[in-house]
Amino acid sequence: MAEQVTVHRPTLASKVGAALSHPVVFSLVFAFALGWLIVYLTGRDPGFAYSEMLNGAVTGSGLRNTLGRAVPIIGMALAVSVAFRSGVINLGGEGQMVVGGLAGALVAIYTPGPGELVIPLAMVAGGVAGAAWAMLPAFGQTRLRLPILITSLLLNYVARAITGYLVRFHFLDDSVTLTSTRQVPEIARMPRMPIFGGVSLSLALVIVLVAVAWVVYGRTVSGYETQMAGLNGRFARYGGIQVERQTVGVMVVAGTIGGIIGTHMIIGDAYRFIDGELVVSGLAWTGLLVALLAANHPVMILVAGLLFSGLQIGGLAMQRNADVSWRLSQVLQALVIVAVASRLTFGWFKRRRTGPSEGELEPAAVGEV
Amino acid sequence: MTPALELRGITKRFPGVLANDAIDMTVRTGEIHAVVGENGAGKTTLMSILFGLFPADAGEILVRGEPVRFSSALDAIRAGLGMVHQAFRLFPTLTVADNVVFREEPTSRGLIDRSESIRRVGDVAERYGLAVDPTAVIETLPVGVLQRVEILKALYRDAQILILDEPTAVLTPQERDKLFEVIRRLRDTGRTILFITHKLGEVMSLSDRVTVLRDGRSVADLLTADTDPEEIARHMTGRDVDLDQRAPAHQPGEAVLEVTGLSATGEHGRKAFREASFEVRSGEIVGIAGIAGNGQNELIETVAGLRPPDEGSISLNGADITDAEVLTRRSAGMAYVPEDRHGVGTSHRASVWANLLVGHQRDPAFQRKGWFDLRAIRDHARSLIKTYGIRSGPIGAPVSTLSGGNLQKVVVAREMSHGAPLLIAEQPTRGLDIAAIEFIHDRLVRFRDGGGAVLMVSAELSEVLALSSRILVMFDGRIVADLDPSKVTEAGIGLYMTGAHEDGPDG
Amino acid sequence: DSGDDAPATTAAPATTAAPATTAAPTTTMAPEDPISLIYVSPNPLGVNNFLILGEVGTQRVADRRGGTWKTFESVDDSTRRANIEAAIDEAPDIVVLTTFTLVEMADEYSKANPDQKFIIIDACPDEPAPNLHCGVFREHEGAYLLGVMAGHLSEAKQIGSVVALDIPFFKRWWQSFAEGAQSVDASIENSAVFIAGDNPFSDPARAKELALSLAAQGLDHIFAVGAGSNGGVFEAAEEADFLSYGVDVNECPSAPGRIVDNNLKLVDAVVEQLIEQVLDGTAGPVVSFGLAEGGTGVMALHPDLATSQCVIADHPDIIEEVQATAEGIIDGSIVVNDPLFG
Amino acid sequence: MFEQLFDAALLESVVRAMVPILLAALGGMICERAGVFQIAMEGMMLAGAFAAVAGSYLAVYSGLGVLFGVAAGVLVSLMLAFGTVSRRGDPIVLGIALNLMALGLTGFLLPQIFGVRGTFRHERIDGLDRLPIPGLSDIPWIGPVLFDQTILGYLAFLLVPGIWLILFRTPVGLRLRGVGERPLAAESLGVSPIAYKYGAVIASGVLSGLAGAQLALGNLVLFTEGMSSGRGWVAVVAVMLGRAHPFAVFGASLLFAFAEGLGFRLQGNGLPVQITDALPFLVTLIALIAARKRFARLLDLTTGA
Ligand SMILES: Nc1ncnc2c1ncn2[C@@H]1O[C@H](COP(=O)(O)OP(=O)(O)OP(=O)(O)O)[C@@H](O)[C@H]1O
Ligand SMILES: Nc1ncnc2c1ncn2[C@@H]1O[C@H](COP(=O)(O)OP(=O)(O)OP(=O)(O)O)[C@@H](O)[C@H]1O
Ligand SMILES: [Mg+2]
Ligand SMILES: [Mg+2]
């Protein structure tokens with residue numbers, strides 16, 4: 001992937017330089033170059049490792065899996081970005097996903113009726129539950145002045161405990177050896193689309209969500225108002241934007257998306273709610289990183305989400321075939337974000353000698369409009 | 001005799017701006033040397049270089065004939081320089097003593113010797129007649145005292161050359177006079193003072209010599225005794241300037257804003273202001289004068305809907321808006337230019353158009369059922385930029401790329417463009433240069449003459465006097481006077497501002 | 001502790017024919033084509049002896065028969081799917097899946113890919129497809145024997161278990177352990193605590209704290225049912241002076257004098273045997289391995305006991321009791337309840 | 001019931017759980033005082049734990065392990081300092097990314113260096129010995145709890161008043177607090193905010209590295225992937241809850257560790273693991289609500305206002 005930028009461009013060095021001067025492009029090149037070095041130092045062939053990674057991510061069942069895993073990643077990234085864009089640091093995506101996932105699972109399992117009815121109902125239930133869970137930290141901030149950053153994080157653990165308890169003591173399927181609910185009946189499972197060997201319909205759903213977000217941010221009053229609140233709360237208040245209500249609002253939206261994604265993970269992927277499964281996957285955190293890389297831009301989230309999903313699925317292939325641990329993909333993801341956040345660019349290296357001049361940098365934005 | 005300070009060919013380039021362009025300047029020992037120039041002329045930049053806060057791209061500095069190279073403020077301090085910054089540089093939660101001794105702390109066995117630092121600070125304060133309590137915490141002190149603390153900091157370090165960047169911008173006339181006394185006393189002890197100001201009157205009354213900067217260049221070096229304000233202004237702007245003040249027109253109409261018995265609570269749970277009652281009629285400018293921290297800001301915030309009132313009522317054009325939300329107030333006809341244009345009036349990282357829209361994002365002209373009419377919004381932004389002569393790049397660029405003056409124009413343009421009958425303007429010209437001030441004053445007057453009502457808060461008494469139809473003075477959270485500008489002087493207002501007239505308000 | 005010294009292959013408990021050795025005569029049926037095997041684990045192998053042994057068994061067959069083997073380590077649900085699908089893409093002779101975590105996918109993918117042969121170890125769907133073969137264990141039998149030891153050795157008459165997860169499956173360890181102890185002395189009290197958290201199978205820190213808190217309550221025999229977390233229990237045993245029990249392999253050398261015995265689970269042997277049977281076309285749908293089949297066991301009955309560093313080696317009288325109990329279980333005169341199915 | 005729950009062993013377990021949290025939290029607190037929002041302690045601690053085990057294994061000497069742990073913590077802290085201080089990057093973004101990087105890199109290096117996966121235990125790894133103070137450690141209850149610590153345990157306790165003294169009574173402390181409060185003011189008096197911020201972040205790298213060393217060589221003698229398991233985040237909460245005051249941060253760390261220890265104990269008494277697991281976080285939430293009076297500065301920091 002890194003090479004594409006530099007090698008496949010048959011154009012002048014200046015064009016390469018221009019591409020490199022884009023911070024995200026540079027950060028990708030930077031991360032993959034460091035990754036190359038790491039693999040090289042461990043005595044493996046980095047070129048082979050990367051080509052296995054690429055192959056594993058985009059060929060055969062790899063492509064379907066990349067697209068499949070992109071669904072929750074993009075979804076959770078969108079949920080996070082909705083909050084970040086309006087200045088709400090919501091680290092509670094995991095909890096919102098878990099709570100929504102259980103609610104959606106229960107509805108899907110216990111509601112009789114045709115799939116056309118049960119599936120949307122489960123999604124709604126998941127969304128509502130996620131939203132309700134997200135409102136706790138939201139009100140904690142607006143009413144009690146407790147930072148969402150910290151309460152939403154702490155509530156992740158609580159969400160996991162509550163759902164675990166409910167499954168263990170109330171909805172346990174004792175025919176299996178896991179702490180798990182019953183299976184979602186065939187009829188209530190998310191259908192698959194006949195593309196790339198069967199990709200969950202949820203992919204279409206997240207694409208729609210992305211499009212909605214894009215339109216809302218670009219063309220609506222609400223989109224404008226949330227972004228103003230995110231950029232400068234005092235300014236927003238002065239402009240008649242009710243920042244407190246906004247905070248609750250975006251948390252509700254974020255929680256809803258989180259809950260829907262949690263539900264998708266059950267009715268479209270695992271088919272049962274297994275205690276802890278949604279947490280160990282780390283999807284909420286991957287989503288967070290994707291949102292950061294995409295600077296909270298919906299369309300960029302789509303791209304970055306596919307990239308990170310491909311990195312993860314390709315990382316497995318790399319481990320399978322090139323004997324390089326999938327942990328390397330984790331390192332690459334982190335490196336990209338570190339480089340972007342540190343605003344490393346090609347230009348920075350060139351200007352290094354003179355040093356950054358005073359006032360060169362505005363504080364970095366969590367979400368730039 | 002070697003000059004205290006010599007600058008030769010100082011050049012400083014910021015991305016896109018040549019802030020200082022080969023500036024030469026000589027400051028003689030024991031003189032008060034004024035530095036003047038429009039906004040962005042490069043005064044602060046020059047002083048910052050002189051004080052080691054950032055390096056010059058070219059040029060050299062000589063202190064008492066010795067070439068010096070400062071890589072940090074510390075070097076400058078060690079060379080005997082002291083600087084009082086335009087925006088105070090104090091630690092709000094620390095005591096006066098801690099602020100003063102910072103980095104030069106007296107210690108015993110590695111620990112800060114508190115009683116010793118209090119004693120030393122008290123000593124210095126006494127020696128130069130700067131009345132300050134060393135144990136007071138900064139955030140509890142009024143601005144006038146803060147200024148003294150800043151000067152104390154320099155004197156504690158035994159500064160021989162003192163740089164003051166716009167020290168009078170926030171002072172009452174009384175405080176200003178006290179400051180001038182201190183400055184003269186310091187000169188008499190052989191110290192050298194560099195003094196930046198926009199107020200030509202101060203230049204004339206205080207300085208011995210004046211350097212004028214324009215567009216990063218030093219364009220004149222004059223003996224104060226040999227010049228006059230018109231000449232200085234001509235050097236500053238490169239053209240003739242009419243410094244005469246405009247006489248206010250006087251044909252007030254209906255009451256637009258009525259405030260009765262209003263009180264509200266401030267940051268630390270204290271009453272910020274009490275029982276404020278006044279009205280603003282169409283066709284008049286009501287000026288509010290007062291030392292910062294006497295409740296003006298909170299009063300305005302309450303009227304603007306950013307702070308909940310404890311009691312009292314506010315009505316706009318006869319409609320009660322006491323508890324109305326900001327947008328309701330705005331659509332009812334209130335416009336508001338806030339004091340803090342960087343933190344409140346604009347959003348640095350948002351685009352120019354987004355900044356020009358705020359407060360009216362829900363106006364039918366710009367949206368239908370929540371969907372923006374982007375064309376209308378852009379056209380509106382472009383027309384404001386044109387009408388108000390805002391120098392900016394594309395309207396999608398972040399507003400942080402604009403200069404301070406243009407930023408203020410963005411705020412003023414936005415607030416005046418919706419035909420609101422009431423304009424609240426807080427410190428509308430603070431820190432702006434003569435041309436920008438002129439522009440904004442002209443706008444305010446035109447607005448008033450068109451039947452608008454203006455409520456203006458300004459620390460600039462000359463501005464209040466020049467523009468207001470009536471002047472309210474606030475002291476300690478109360479409106480203590482309602483004055484006719486044609487019958488009072490700056491000094492007279494100043495007395496009310498310091499509470500000297502506590503028992504005899506005539507309003 | 002990579003399992004290469006796992007006792008299972010060298011010999012099995014004297015009571016039965018060792019499965020590995022029965023399957024061993026490969027020389028007689030050397031295959032024409034080199035075989036290919038892919039082993040998919042649901043979690044990183046880490047120090048999870050169970051998962052490692054599965055790999056060892058797979059590797060051993062491939063080496064012996066001449067062929068290739070690969071291990072695909074998964075991390076979570078969707079990577080499990082990705083790995084199984086990648087394995088199917090490669091169309092090896094057999095895809096070997098382990099643990100109950102993968103049982104549903106085994107069912108799903110075996111039905112969707114009737115031409116691909118699968119093995120699932122540790123659990124079995126209700127109606128396995130003809131191309132899916134299950135190997136399951138009767139872990140409760142070994143745990144029961146450990147309980148018998150604890151029943152004799154415990155002075156406090158309080159025993160307990162530190163268990164990875166609060167799931168029904170692990171009752172086969174901690175409940176059967178208690179049952180064995182109570183068969184010796186009905187007054188013995190039992191408690192079980194669970195590691196849970198993000199890393200139940202490799203969180204020695206939590207395991208250690210839990211074990212210490214049990215010890216503080218007076219327990220003197222603690223069964224470590226936490227795979228990679230067990231190290232924490234053993235460290236606690238050294239600090240707080242109690243005796244412990246390990247799982248899957250002989251863990252005694254990691255804390256000599258502190259570990260009484262282990263509930264051996266001879267996964268490598270079972271995997272090996274099943275693979276051979278599938279390759280030869282002799283495998284049934286479900287094969288259950290317990291004491292009788294040599295799929296589970298304890299070091300007390302193992303030929304390597306003398307060098308095992310297990311505490312039980314110093315108690316020949318108890319070993320006799322255990323031997324008798326084991327024989328009773330094998331011949332059916334002693335019935336150990338399976339906690340999973342009532 | 002009460003006697004079953006509260007005994008010296010519980011207190012020992014509480015102190016054991018507290019020491020790493022406290023060490024990391026003290027570092028976070030120094031950063032907070034210097035105006036750097038620090039949420040990378042989780043990664044620093046993990047890197048520290050890994051390096052500590054590596055060092056101790058190499059030299060068969062715990063001293064080198066501690067040194068390695070510190071070095072690893074400092075390495076991560078330098079990346080954070082560069083990003084946030086020199087490049088003015090978002091500390092939240094960088095913190096989260098660095099945490100992930102530490103997780104990925106230690107997980108990657110573990111099999112590369114030691115040829116094992118998941119957990120590395122080896123008799124060559126020299127653990128930190130407990131150093132009972134003669135006499136004092138024999139005092140019932142308090143003795144084994146307080147006076148039978150590893151060197152890092154004692155250090156953690158001593159650092160609480162030590163850092164208090166430095167912060168509030170020495171020139172360095174005054175300057176650090178000044179830098180955190182008004183960097184421009186500090187700079188104009190010749191105190192470099194960049195230097196102090198770097199110093200604070202590096203100090204927290206040292207302390208988090210020590211926390212990792214204590215975790216991997218003191219509390220246990222092994223390394224497991226992700227073994228910091230949320231302790232760094234707990235330290236972040238402790239800094240907030242303790243409003244960046246050494247004694248209050250100590251109290252917050254103690255509270256959390258106590259709830260955790262009690263949770264383990266309650267499980268032994270029959271409470272479901274799901275409830276006992278959530279206990280420390282619930283207790284922390286309740287404490288936050290109780291101490292909510294003013295998180296204003298923090299709110300400003302975290303809401304982009
Ligand atoms: N840190 C900075 N980064 C970029 N440009 C700067 C910076 N500081 C000042 N400038 C630019 O340098 C020029 C001179 O600014 P300076 O602040 O010195 O003006 P000034 O004379 O002090 O103005 P004022 O009267 O408003 O205080 C301006 O054009 C300004 O935009
Ligand atoms: N960090 C910065 N990066 C880029 N430009 C800056 C920065 N800080 C200030 N400037 C520019 O410097 C100029 C002057 O800045 P400054 O804040 O001194 O405004 P000003 O014009 O002096 O108004 P005021 O004194 O009222 O704040 C403006 O053009 C502003 O855009
Ligand atoms: Mg200036
Ligand atoms: Mg200025």
Side-chain angles (χ1 to χ4, degrees), chain B residues 47-48 51-54 70-79 81-95 97-114 117 138-139 146 149-150 153-154 156-157 159 163 165 267-269 343-344 347-349, chain D residues 29 32-35 85-86 88-90 92-93 161-200 243-246 248 292-301 303-305:
Chain B
M47 295 306 130
S48 302
F51 197 59
L53 291 177
F54 34 76
F70 299 151
S71 56
S72 80
L74 199 55
D75 296 341
I77 292 169
R78 295 218 166 109
L81 273 68
M83 179 159 179
V84 175
H85 296 269
Q86 193 169 344
F88 294 147
R89 299 195 169 179
L90 298 167
F91 308 106
T93 66
L94 302 186
T95 61
D98 280 346
N99 267 276
V100 173
V101 301
F102 195 87
R103 187 138 199 335
E104 310 291 335
E105 307 87 355
T107 56
S108 71
R109 275 176 283 128
L111 303 184
I112 296 176
D113 187 339
R114 293 205 154 160
S117 60
I138 290 297
E139 60 191 356
L146 298 184
V149 177
E150 284 283 13
K153 277 162 65 179
Y156 175 83
R157 289 165 176 76
I163 306 165
D165 193 353
E267 296 313 329
H268 303 291
V344 178
S347 178
H348 273 196
R349 282 182 280 151
Chain D
M29 179 191 75
E32 175 75 15
R33 286 282 174 185
V85 182
S86 299
R88 300 193 207 168
D90 187 305
I92 296 176
V93 177
I163 293 182
W164 175 83
L165 197 72
I166 293 172
L167 272 182
F168 297 105
R169 289 288 179 268
T170 66
V172 170
L174 178 68
R175 295 169 198 175
L176 184 90
R177 287 182 291 137
V179 162
E181 198 170 329
R182 285 291 142 90
L184 275 180
E187 192 174 10
S188 67
L189 292 175
V191 171
S192 159
I194 292 186
Y196 271 79
K197 286 182 179 193
Y198 260 87
R243 302 254 203 91
H245 193 286
R292 69 180 179 275
K293 267 159 279 166
R294 246 178 291 144
F295 288 104
R297 191 184 114 65
L298 194 75
L299 257 186
D300 290 347
L301 250 171
T303 55

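What you see is a predicted model; the values in this text were computed from it and never measured.
Looking only at side-chain heavy atoms (C-beta outward), Arg177(D) and Leu94(B) come within less than 4.5 Å of each other. Under the 4.5 Å side-chain criterion, counting only non-hydrogen atoms from C-beta, Arg89(B) is not in contact with Glu187(D).
The residue among Glu104(B), Arg78(B), Arg157(B) with the most heavy atom pairs within less than 4.5 Å of chain D is Arg157(B). No other option in Ser72(B), Ala73(B), Pro92(B), Ala76(B) has as many heavy-atom pairs under 4.5 Å with chain D as Pro92(B). Listed options Leu111(B), Ile112(B), Leu74(B) were ranked by heavy-atom pairs under 4.5 angstrom with chain D; first place goes to Ile112(B).
With a 4.5 angstrom heavy-atom cutoff, Ser48(B) does not touch chain D via any of its atoms. The contact between Phe91(B) and chain D is made by backbone and side chain atoms together, counting heavy-atom distances below 4.5 Å. Of the atoms belonging to Ile77(B), it is side-chain heavy atoms, and not backbone ones, that fall under 4.5 Å from chain D. When heavy atoms are compared at a cutoff of 4.5 Å, Asn99(B) approaches chain D solely by way of its backbone atoms N, CA, C and O.
When all heavy atoms of Arg103(B) and Leu189(D) are compared, the pair lying nearest together is CD-O, 3.4 Å. The two atoms that bring Val191(D) and Phe102(B) nearest to each other are CG2-CE2, 3.6 Å, heavy atoms only. For Leu90(B) against Ala185(D), the heavy-atom pair with the smallest separation is N-CB, 3.8 Å.
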